[in-house]
Amino acid sequence: MGHHLDRGLDAGPNEAATTVLIDAGHLVVPSSGAVLADQRVLIEGQRILAIGPDLDAPPEAERIDLSDAWLLPGLIDCHTHLCFGVRPIRSDRQRELEASVLTYTASNSTAWRALQGAHNARAMLRAGFTTVRDLGNAGAWADSALARAIEEGLVPGPTMICSGKALTPSGGQYASGIVPPERPGLVGIDWTVADTRERMLAAMRENVAHGAKLIKVIVDDQRCGYTRDELAFVVEHARDAGLAVAAHCVTDAGTRRAALAGVSSIEHAVEASRETLELVRDHGVVLVGTELSQGYLEAAGAPPDHARELHEQVITRLRHAIELGVEMAFGSDIMSDIPGRDRGQLALTILDSYVEVGLAPLRAISMLTRDAAKLLGLDDDRGDLRVGLRADLVATSRDPLQDIRALRELRLVMQGGRVLALARRPP
C-alpha cells in the first residue's frame, strides 16, 4: 500500500457492512471524466447512499479522512488466472514453455490450485481489484470453488466471474504437439476438447453446472482452429443461456473469425492488423489486450531479445487499437509466479505498457472500471461513482490522472462497503 496499514484484509469478510462517511479531496468519476473536489461519499451497507460536498452522517458512522487523496471505483481485471501459477523458465522455445505448463497441470491437484487461487485472490484485492473475470486454467473447476468461497466470506478476494474450462480443438493450447493425440486426458486437465458441435454444447452445459458465468473458447492456437461457423454456434447457444463468450485469439485470421462470429470479447489479438481491428470495432467487440510489460516478460523467463520482440508486437497492436477507437477493457493475464512480487502487483505492471504508448490516464481508468464493468454486464452495479452503486472503492495518494501508475500507491481498499485496507495520512 505504500503506507502503514490501520487494518488488513482479515478485518472481517463475514462482518456486516455499516455506515461510512468518506471525505474525499478528489472524486474521479469515470463515466463523465469529471474530477470533483472536496466531496463526501456516504455509504450505507454495501451501497453508495449519497455524494455531495455537505453531507452529514449519523454519530455512529465511521469517518474516513481522504481529503488529500483521489477516490475512484474499485479496479476490475477482465483476464485473470488465479488458480494457475508456473515458475519462471528461461526459454524462448515454445515446446519448453509448454512443457512447464504441462508439468504444472499434471503435478498439482485441483485442491492445491484452489488454495493457490485463494492466495492470489487476497493479493489482487489488496492491490485494489475488487472484481475479476477469471478465464480458466484452473483444473477441475477450482475457480468456481474459489468464487463460492469468496462469495460466502470464507476467504478474502475480489468478486469472481468465472469461465470454467475453455473449449478447445484437439491439442488444446499445446500448439507444439508436446501432448500426443493418444493422450487427450492431459489436455483435459485445464481445457475441454470439443471438436464437434455436440461436444461444444455438452462442454458449455458442464461449465454452467459447475458455476461458470461465461464461456471461453480457444480460437487459433492450433493450425486447424475453430471456424467462423463453429464460433457462431457457441455464441448462439451461450447467448440463449444468457452467457457472454470470450475468445482467445492470437492470429489475425482467428481474430477476424471471432469478431464476425459475434463474440463479446477478444483476448490478446497479438497479430491483429489494423484492418481486423477496424472489424472488431465495427462489430462492437471488446478487446482485452493483456499488454504484458517487457519487464514482466523478462521476469517470467523470456530472454531479453525475445521479451522485447513480444512486447513490441503487443504495443504496436495497442497503438493501433487506440488510434482506431476500439472499445477496450483491462486484462492482465498474469500466469507466472515471480519471487518477491504478488499477483496484484504483477497485474499492475500492465500500466507500464499504457504509459509507454501514451494512453490517456482517464481512458486507462475507464478501462479498469466502467468499461470493464460493462463488459462483465455489471455496469448497473459497479465500476463508477454514483448513488445506488456497490461501494467498491479505492483511493490513491497521488493524482492518477497525471500518472496512472499512482494506482500502485493505494490508501484505501473498500469492497461492498467494508473497509479492507486503510493507510494513515502521510505525516
Side-chain angles (χ1 to χ4, degrees), residues 79 81-87 89 91 93-114 116-117 134-145 162-212 214-235 237-238 241 243 245-251 253-254 257-258 261 263 267-268 333 335:
H79 193 120
H81 301 280
L82 297 186
C83 300
F84 186 98
V86 294
R87 295 180 179 178
I89 173 174
S91 178
R93 296 184 59 184
Q94 184 70 18
R95 192 175 181 87
E96 291 177 355
L97 295 171
E98 291 178 5
S100 70
V101 172
L102 180 60
T103 299
Y104 170 84
T105 59
S107 60
N108 289 296
S109 68
T110 298
W112 168 255
R113 294 175 71 172
Q116 184 179 34
D134 194 286
L135 293 181
N137 294 91
W141 295 278
D143 50 352
S144 292
C162 302
S163 69
K165 292 190 177 186
L167 282 61
T168 177
S170 289
Q173 291 186 262
Y174 295 115
S176 71
I178 192 171
V179 177
E182 65 190 32
R183 295 174 185 168
L186 293 175
V187 177
I189 295 172
D190 269 19
W191 300 270
T192 296
V193 175
D195 284 324
T196 66
R197 297 190 179 196
E198 180 181 9
R199 186 67 188 105
M200 290 174 178
L201 188 55
M204 286 190 277
R205 289 171 175 161
E206 187 175 33
N207 275 323
V208 171
H210 281 90
L214 77 151
I215 301 299
K216 181 183 178 183
V217 291
I218 307 301
V219 175
D220 55 5
D221 276 8
Q222 297 292 333
R223 286 194 303 168
C224 189
Y226 284 135
T227 67
R228 174 182 170 182
D229 287 344
E230 288 171 328
L231 293 170
F233 173 84
V234 173
V235 169
H237 287 275
L243 304 175
V245 174
H248 165 102
C249 300
V250 174
T251 67
R257 295 198 302 271
V263 301
E267 317 299 307
H268 318 303
D333 194 31
M335 299 184 76

Could you work out, with side chain to side chain contact (heavy atoms under 4.5 Å, CB included) as the rule, every residue matching [X], not counting sequence neighbours?
{"X": "Ala203", "value": "Leu167, Thr192, Arg199"}
{"X": "Pro180", "value": "Glu182, Arg183"}
{"X": "Ala238", "value": "Met204, Ile215, Leu243, Val245"}
{"X": "Thr227", "value": "Asp229, Glu230"}

| message | Run the salt bridge (Lys or Arg N to Asp or Glu O under 4.0 Å) test against Asp190 and tell me which residues pass, sequence neighbours left out. | response |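 Per chain and number, Asp190 pairs via salt bridge (Lys or Arg N to Asp or Glu O under 4.0 Å) with Arg113.
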| said: Holding to salt bridge (Lys or Arg N to Asp or Glu O under 4.0 Å), I want the full list of residues that pass it with Arg93, two or more places apart in sequence or in another chain. | reply: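 Only Glu96 meet the salt bridge (Lys or Arg N to Asp or Glu O under 4.0 Å) criterion with Arg93.
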| field | His268: ring-ring contact (aromatic ring centres under 6.0 Å, His included) partners, not counting sequence neighbours | value |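 Once residues adjacent in sequence are excluded, the partners of His268 under the ring-ring contact (aromatic ring centres under 6.0 Å, His included) criterion are His79, His248.
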| message | List the residues meeting ring-ring contact (aromatic ring centres under 6.0 Å, His included) with Phe84, not counting sequence neighbours, and say none if there are none. | response |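 For Phe84, the residues satisfying ring-ring contact (aromatic ring centres under 6.0 Å, His included) (neighbours in sequence not counted) are Tyr104.
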Find the distance between [atom1] ([X]) and [atom2] ([Y]) and round it off to the nearest 0.5 Å.
{"X": "Leu97", "Y": "Leu102", "atom1": "CG", "atom2": "CG", "answer": "12.5 Å"}
{"X": "Met200", "Y": "Asp195", "atom1": "CE", "atom2": "CG", "answer": "7.5 Å"}
{"X": "Glu98", "Y": "Ile89", "atom1": "CD", "atom2": "CD1", "answer": "11.0 Å"}
{"X": "Lys165", "Y": "Lys216", "atom1": "NZ", "atom2": "NZ", "answer": "13.5 Å"}
{"X": "Tyr226", "Y": "Ile218", "atom1": "OH", "atom2": "CD1", "answer": "8.5 Å"}

What pair of heavy atoms forms the shortest contact from [X] to [Y], and how long is it?
{"X": "Thr103", "Y": "Ser107", "value": "O-OG, 2.5 Å"}
{"X": "Ala246", "Y": "Leu135", "value": "CB-CD2, 4.3 Å"}
{"X": "Gly254", "Y": "Cys249", "value": "O-SG, 3.7 Å"}
{"X": "Ala261", "Y": "Ala232", "value": "CB-N, 3.7 Å"}
{"X": "Cys224", "Y": "Pro169", "value": "O-CB, 4.0 Å"}
{"X": "Cys162", "Y": "Ser144", "value": "SG-N, 4.2 Å"}

| Qualifying ring pair (Phe, Tyr, Trp, His ring centres under 6.0 Å) pairs with a residue from residues 177-211, counting only residues at least two apart or across chains |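 Those involving residues 177-211 are Trp141-His210, Tyr174-Trp191.
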| said: Val219 vs Thr251, test: side-chain contact (heavy atoms from CB on, under 4.5 Å). Steps then yes/no. | reply: CA-CA 9 Å; Val219 175; Thr251 67; over 6 Å; no
When you measure from the side chain of [X] to the backbone N and O of [Y], does any donor-acceptor pair fall under 3.5 Å?
{"X": "Asp134", "Y": "Leu82", "value": "yes"}
{"X": "His81", "Y": "Gly136", "value": "yes"}
{"X": "Asp221", "Y": "Ala175", "value": "no"}
{"X": "Asp220", "Y": "Val250", "value": "yes"}

Not counting sequence neighbours, which residues clear side-chain hydrogen bond (donor to acceptor under 3.5 Å, both in side chains) with [X]? List them please.
{"X": "Asp143", "answer": "none"}
{"X": "Thr110", "answer": "none"}
{"X": "Thr105", "answer": "none"}

